[in-house]
Amino acid sequence: MKSAPRTAMVLAAGLGTRMRPLTNDRPKALVEVGGRALIDHVLDRLADAGVEKAVVNVHWFADRLEAHLAARGRGPEIVISDERAELLETGGGLKKAAPLLGSDPVFVANIDSVWTDNGDALADLSRLWDPQRMDAALLLARREGSIGFEGDGDFFLADDGHLAFRGDAPSAPYAYMGVHICRPDYVADGPDGPFSLSQFWRRSAAEGRLFGCVLDGDWMHVGDPQARDEAEAKLTRQA
């Protein structure tokens, strides 16, 4: 089996505006679900997948997040990418952090995704990843049954793993669930300052180089207080 990435980029710098009032005194990454901070759910998943180093970007209540990470007590090793001066969004955050990530492929993970796993989703994503054919490999969730996702879906998935954006279709069956693999220099030609990864995914999809696989489990997109409460209830029922 191909080895999984040993380094990850964890996107934790957002303002958490939709999560207020829970983020009035803390970053979204430290909102708790099931007795653990959101960022710990993600970091524990990454550690279990073999990740040894995680670069975490910080902005909102950065000092508090850094203190929490320093006290975690388990891997992965944490390296901070400091965005206190300017919030850079997903693409800008990855571009700024690239010198800290090394040269090998990395996981890139949001902090607002919690999931239950009937298989081994991160291992499946690692097996799918092929840098010769792909710019990025995305972990997807089925739109139906997901908690906290209210959109019409993001992607169509071909039998060979190719992804196509929903485009003008009224809906698509799959949503991006917050983890993907790419090279650290994927967005190197992006603009200075804030920008989104989405434009790069669209370019890769048009070139046939965007792939994905689907989570076998339940996805909870914890983006606002109601979704947090629904995720809490689901985890409690499954405990």
Side-chain angles (χ1 to χ4, degrees), residues 4-19 23 26-31 37-43 45-47 49 51-70 72 75-113 122 125-126 129 131 134-139 176-205 207 209-210 222-223:
R6 292 289 181 255
T7 302
M9 171 80 201
V10 179
L11 299 168
L15 295 173
T17 305
R18 292 179 59 233
M19 190 64 88
T23 50
R26 71 191 64 202
K28 183 178 179 180
L30 295 186
V31 172
L38 285 171
I39 196 164
D40 289 328
H41 283 274
V42 173
L43 288 172
R45 289 280 192 194
L46 292 169
V51 168
E52 297 167 355
K53 180 174 82 170
V55 176
V56 180
N57 63 354
V58 299
H59 175 81
W60 183 246
F61 287 102
D63 292 352
R64 185 167 178 180
L65 181 52
E66 285 184 343
H68 176 89
L69 294 170
R72 250 177 64 82
E77 172 198 357
I78 302 296
V79 177
I80 297 297
S81 180
D82 194 331
E83 294 184 20
R84 283 174 173 85
E86 182 181 25
L87 190 59
L88 293 172
E89 299 183 32
T90 53
L94 179 59
K95 181 178 177 179
K96 177 181 172 65
L100 305 172
L101 291 168
S103 57
D104 293 331
V106 296
F107 286 115
V108 180
N110 299 342
I111 50 87
D112 54 9
S113 282
L122 297 185
L125 189 64
S126 298
W129 168 250
M134 305 173 190
D135 293 335
L138 279 55
L139 190 56
Y176 173 60
M177 63 152 287
V179 184
H180 71 278
I181 297 175
C182 66
R183 298 181 313 278
D185 62 354
Y186 179 41
V187 296
D189 62 344
D192 293 332
F195 65 93
S196 171
L197 275 165
S198 178
Q199 61 188 284
F200 285 83
W201 291 350
R202 290 182 183 279
R203 183 173 72 182
S204 296
E207 295 172 353
R209 294 184 59 84
L210 191 70
V222 187

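All heavy atoms count here, side chains included; hydrogens, waters and symmetry mates do not. On a predicted model such as this, the values are computed, not experimentally measured, just so you know.
- When every heavy atom of Trp129 is checked against every heavy atom of Cys182, the shortest pair comes out as CH2-CA, 3.9 Å.
- Side-chain atoms of His180 and Leu197, non-hydrogen and from C-beta on, do get closer than 4.5 Å to each other.
- Not counting sequence neighbours, Phe61 has no partner by the ring pair (Phe, Tyr, Trp, His ring centres under 6.0 Å) test.
- Identified under the salt bridge (Lys or Arg N to Asp or Glu O under 4.0 Å) test for residues 92-106, with sequence neighbours left out: Lys95-Asp192.
- The minimum heavy-atom distance linking Leu122 with Ala49 is given by the pair CD1-CB, 3.8 Å.
- In this structure, NZ in Lys53 is found 14.0 Å from CZ in Arg6, a value given to the nearest 0.5 Å.
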(request) Give the C-alpha distance, both sets of side-chain angles, the deciding distance and a yes or no for side chain to side chain contact (heavy atoms under 4.5 Å, CB included) between Asp63 and Arg84. (result) CA-CA 10 Å; Asp63 292 352; Arg84 283 174 173 85; 2.5 Å; yes
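- Interatomic distance, CD1 of Ile181 versus CG of Asp135, reported as 13.5 Å (0.5 Å rounding).
- Residues meeting the side chain to side chain contact (heavy atoms under 4.5 Å, CB included) test with Leu100, sequence neighbours left out: Val55, Val79, Ser81.
- Ala109 and Val179 get closest at one heavy-atom pair: CB-CG2, 4.2 Å.
- By the salt bridge (charged side-chain N to carboxylate O under 4.0 Å, His left out) test, Arg26 pairs with no residue at all, sequence neighbours left out.
- Formation of a donor-acceptor pair under 3.5 Å by the Arg202 side chain with backbone atoms of Ala205 is not found in this model.
- Applying the side chain to side chain donor-acceptor pair (under 3.5 Å) rule to Asp185 yields the partners Arg183; only residues at least two apart in sequence or on another chain are considered.
- Looking at Thr90 and Met9, their side chains never come closer than 4.5 Å, going by heavy atoms from C-beta outward.
- With sequence neighbours left out, the side chain to side chain contact (heavy atoms under 4.5 Å, CB included) criterion links Ser103 to no other residue.
- Interatomic distance, Leu38 CG to Leu43 CG, rounded to the nearest 0.5 Å: 11.0 Å.
- For the side chain to side chain donor-acceptor pair (under 3.5 Å) test, residues two or more places apart in sequence or in another chain that qualify with Arg203 are Asp189.
- Expressed to the nearest 0.5 Å, how far CD of Glu66 lies from CD1 of Ile80 amounts to 4.5 Å.
- Every side chain to side chain contact (heavy atoms under 4.5 Å, CB included) that Arg18 has, sequence neighbours left out, goes to His221, Asp224.
- Here the rule is side-chain contact (heavy atoms from CB on, under 4.5 Å) with Val56, and of Val42, Val10, Ile111, Leu11 only Val10 fits it.
- Evaluation of the side chain to side chain donor-acceptor pair (under 3.5 Å) rule for Glu83 yields Asn57 as partners, not counting sequence neighbours.
- Note that CG of Leu139 is 11.0 Å distant from CG of Asn110, once rounded to the nearest 0.5 Å.
- No side-chain heavy atom of Val108 sits less than 4.5 Å from a side-chain heavy atom of Tyr186.
- Of all non-hydrogen atoms in Pro105 and Pro5, the two that sit nearest each other are O-CB, 3.4 Å.
- To the nearest 0.5 Å, atom CG of residue Leu94 and atom OG of residue Ser196 are 11.5 Å apart.
- Applying the side chain to side chain contact (heavy atoms under 4.5 Å, CB included) criterion to Ala8, with sequence neighbours excluded, gives Leu46, Val51, Phe107.
- Among residues two or more places apart in sequence or in another chain, the side chain to side chain donor-acceptor pair (under 3.5 Å) test is passed with His68 by Asp40.
- With sequence neighbours excluded, no residue forms a salt bridge (charged side-chain N to carboxylate O under 4.0 Å, His left out) with Glu86.
- With a 4.5 Å cut-off on side-chain heavy atoms, Val222 and Met19 count as touching.
- Counting only distance, with no hydrogens or angles, the side chain of Trp60 and the backbone of Thr23 share a donor-acceptor pair below 3.5 Å.
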